[in-house]
Number of protein chains: 2
Amino acid sequence: MTRSATIRDVAKLAGVSTATVSRAIAEPALVSADTREAVLKAAAEINYTPNLLARNLRQQRTKSILVLVEDIANPFYPEIFHAMEEAAQQRGYTVLLGNTGHSNEREQGYWDLVRAKRADGVVLFTGQLPEGTDPKRLPPVVLMAERIAGATLPLVAIDNEEAAARATRHLVDLGHRRIAHISGPQHRVISRDRLAGWRRAMDEAGLPLTDDLLVPGEFTIPGGEAAMRQLMALPDRPTAVFAANDESAVGALRAAQRLGLDVPRDVSLVGFDDIALAALFDPALTTIRQPRPELGDAAMRLIIDRIEGKGTPTAPTILPAPLIERGSTAKRGTK
Amino acid sequence: MTRSATIRDVAKLAGVSTATVSRAIAEPALVSADTREAVLKAAAEINYTPNLLARNLRQQRTKSILVLVEDIANPFYPEIFHAMEEAAQQRGYTVLLGNTGHSNEREQGYWDLVRAKRADGVVLFTGQLPEGTDPKRLPPVVLMAERIAGATLPLVAIDNEEAAARATRHLVDLGHRRIAHISGPQHRVISRDRLAGWRRAMDEAGLPLTDDLLVPGEFTIPGGEAAMRQLMALPDRPTAVFAANDESAVGALRAAQRLGLDVPRDVSLVGFDDIALAALFDPALTTIRQPRPELGDAAMRLIIDRIEGKGTPTAPTILPAPLIERGSTAKRGTK
DNA sequence: CTGTTAGCGCTTTCAT
DNA sequence: ATGAAAGCGCTAACAG
């Protein structure tokens, strides 16, 4: 590639100043029709594209948002990204995805990008802030799906505890009394919230919460499998299981079926998230649906508002998360 | 946020020039130990981070690579991203993911980012160049997984035709003679290559290629389901099916099982790609494995080499793609 | 080893 | 409506 055309080249060719070129492109109204035309023609002729680095440096903003996730493979994300990209585009922003892959080094690298002004704000899926951050000096941030304990930052999410309670109550209503929970990693707030919801619903239903009903599932398919095998080996087997996410629920489903059990006849199963995978198996999973497009849209609006100084840093945005009834749950003792 | 510290603030505080600050940070060796220490101390004190926009503008490079995909949800990507991020980080580059979501507008937006110097190069998964591009003025680009008809750009991929032929031959070797193909979207080069491989293997085995053996599957689960139902409704049913990707193979598997057929006893099934999903079902899919980490690593090295002017724009990098035998294939007429 | 200086390409006062 | 000029924050010659 030869050196690309600059604003000066266009100015020279059109016989105007660089200021005029800038205006003709960014604020056409400020320039006479003739001039505008001449400038645009010249620009097209030499294939001019404004250098965004220069523009951004001058304007002290980039009109781009960094979306930081821990693991891009998470099936929970795509619909959220899609909605975020739509919302961003509407307001003239670009979305950049940063994948930390559980590497602190990479996470730090992306934060530096923002601190170094290469993005105007961050939507944070990772559930954690960079270490040793002075909350005063944080760039504009919006938390997505998972709050951060102790931090008071704008958040867009569902009420995980309430949704988990609802999932559990659904099983209670179906007549189940021994309802187990396959939990997520306990260092994550989201797992603790869902666990708390299960606990609360069990309490409220007056059902005993014995230790054997709670097993860790790690939010993964293998984790769910192991958890389910453990549960099904219990002398007094639960007749229903609430898994903290769909992946562990799918694992649980596979495990049950391999043990020759029928879901939902022998054991009912509820997941959480409503990822695409949830509907793929037989039976399809009853689960809590996170309203992903709405979450993405709300988060993007919120971060842009904050960047542009609009709106107020209000209470968390909490979106409804309905229970989706499918084939994996049934009345206790029936098909 | 108050205005962040600049290099001048650090210089003043440390009692040196800005040039010295710059050196102390970027090229510590060029500065005396005392100075370096003083500078770093001052920088830490006021929480200084270099403004990358300014640095990049000055240096005319960003040390970041844009990875452009059509649909981030594709389960084929994550392992590739992971490898790319590793390779990039090793050489001091950052990976930015751009998701076009099938929107031409957004695709154009990302290309502009590169043309406008916000990224040094592009790894292209989308199988298409921006419209009306003068190939001479293209930024550094590496094509991933799918070549672009007519374009002669550096490519990192497998030999799709050969791999498809190998998958088909595997079925031939198991004694199958009526081997159907569920193809991908025919506007994609990759689908046409895999179709060609199936054709070639059938020809070479002297097997008749009747029209009814070829059905479109769109690379999706529903597409694969529909295709399989169509195949199984044939008067002279194929005893084996080669699907152009794993998703359509999974669809085919589900359809077969819903029709009460046993895979592989009644019909053998081969997929392509070896995505995680492939191993999740019962039976697990026999499939062609794309060496994703290696693809990602090779592509990132290649693009960085090109950006830095190292290496030569050589022949395509073609990586081996082994057949992974699992439970979905068996000898014709046996279990 | 360090400072001075120029300038990356753009936008935005301030004049006219 | 347009131009001149300053400057965003940094790095790279060049000089010493």
Side-chain angles (χ1 to χ4, degrees), chain A residues 1-40 42-43 46-63 92 112-120, chain B residues 1-40 42-43 46-63 92 112-120:
Chain A
M1 277 210 314
T2 53
R3 177 187 141 282
S4 9
T6 75
I7 200 170
R8 279 236 290 282
D9 302 326
V10 180
K12 200 171 300 175
L13 185 58
V16 298
S17 73
T18 59
T20 300
V21 174
S22 176
R23 290 186 195 111
I25 289 170
E27 290 276 17
L30 293 181
V31 152
S32 81
D34 289 357
T35 321
R36 192 187 322 143
E37 202 176 319
V39 167
L40 296 182
I46 60 177
N47 222 306
Y48 170 69
T49 316
N51 181 319
L52 287 183
L53 289 174
R55 172 184 292 173
N56 294 340
L57 175 59
R58 176 62 228 239
Q59 302 191 136
Q60 303 279 57
R61 62 175 169 67
T62 62
K63 290 223 150 198
D112 288 345
L113 238 49
V114 187
R115 297 224 315 140
K117 304 289 183 298
R118 292 225 4 216
D120 297 341
Chain B
M1 272 205 320
T2 53
R3 177 186 140 286
S4 6
T6 74
I7 199 169
R8 281 236 290 283
D9 302 326
V10 181
K12 199 172 300 175
L13 185 58
V16 297
S17 73
T18 59
T20 300
V21 174
S22 176
R23 290 184 197 113
I25 289 169
E27 289 277 19
L30 294 182
V31 153
S32 79
D34 289 357
T35 322
R36 190 186 325 141
E37 201 175 320
V39 168
L40 297 182
I46 59 178
N47 222 307
Y48 169 70
T49 317
N51 182 319
L52 287 185
L53 289 174
R55 173 185 290 173
N56 293 340
L57 175 59
R58 175 65 230 236
Q59 302 191 138
Q60 304 278 55
R61 60 173 171 68
T62 63
K63 289 226 153 196
D112 287 346
L113 238 51
V114 187
R115 297 225 313 141
K117 304 288 183 299
R118 292 226 4 218
D120 297 340

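Reminder, nothing fancy here: chain letters follow the sequence lines and each chain counts from 1. The figures that follow rest on heavy atoms only: side chains count, while hydrogens, waters and symmetry mates do not.
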Below 3.5 Å, can you tabulate the donor-acceptor pairs from side chains in residues 8-16 of chain B to any protein atom, sequence neighbours excluded?
{"from": "B:Asp9", "atom 1": "OD2", "to": "B:Arg3", "atom 2": "NH2", "distance (Å)": "3.2"}
{"from": "B:Asp9", "atom 1": "OD2", "to": "B:Thr6", "atom 2": "N", "distance (Å)": "2.8"}

Can you give the donor-acceptor pairs under 3.5 Å from side chains of residues 51-61 of chain B to other protein atoms, not counting sequence neighbours?
{"from": "B:Asn51", "atom 1": "OD1", "to": "B:Leu53", "atom 2": "N", "distance (Å)": "2.7"}
{"from": "B:Asn51", "atom 1": "OD1", "to": "B:Ala54", "atom 2": "N", "distance (Å)": "3.1"}
{"from": "B:Asn56", "atom 1": "ND2", "to": "B:Leu52", "atom 2": "O", "distance (Å)": "3.1"}

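The side-chain hydrogen bond (donor to acceptor under 3.5 Å, both in side chains) contacts involving residues 21-30 of chain A comprise nothing, where partners must be two or more places apart or lie in separate chains.
When only modelled atom types and interatomic distance are considered, B:Lys117 and A:Ser4 share a side-chain donor-acceptor pair under 3.5 Å.
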**Request:** Starting at the 5' end of nucleotides 3-9 of chain C, put B wherever the base has a protein heavy atom under 4.0 Å, S where only the sugar-phosphate does, and a dash everywhere else.
**Result:** BB-BBBB
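Residue-level contact check: B:Leu52 touches neither bases nor backbone, having no heavy atom under 4.0 Å from any strand.
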**Item:** Derivation of the side-chain contact (heavy atoms from CB on, under 4.5 Å) call for B:Thr20 and B:Thr35
**Value:** CA-CA 8 Å; B:Thr20 300; B:Thr35 322; 3.6 Å; yes
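Between its opening and closing five pairs, the helix from C:dC1-D:dG16 to C:dT16-D:dA1 changes axis direction by 30°, a value rounded to 10 degrees.
Taking B:Thr62 as the reference, B:Ser64, B:Asp120 meet the side chain to side chain donor-acceptor pair (under 3.5 Å) condition, with sequence neighbours excluded. Residues satisfying the side-chain contact (heavy atoms from CB on, under 4.5 Å) test with B:Asn47, not counting sequence neighbours, are A:Arg115, A:Arg137.
Taking every nucleotide of DNA chain D with any atom under 4.0 Å from a non-hydrogen atom of chain A, the first and last of them, 5' to 3', are D:dA1 to D:dG9.
Residues A:Ile7 and A:Tyr48 share a closest heavy-atom pair of N-CE1, 3.4 Å.
A donor-acceptor contact shorter than 3.5 Å is absent between the side chain of A:Arg118 and the backbone of A:Leu113.
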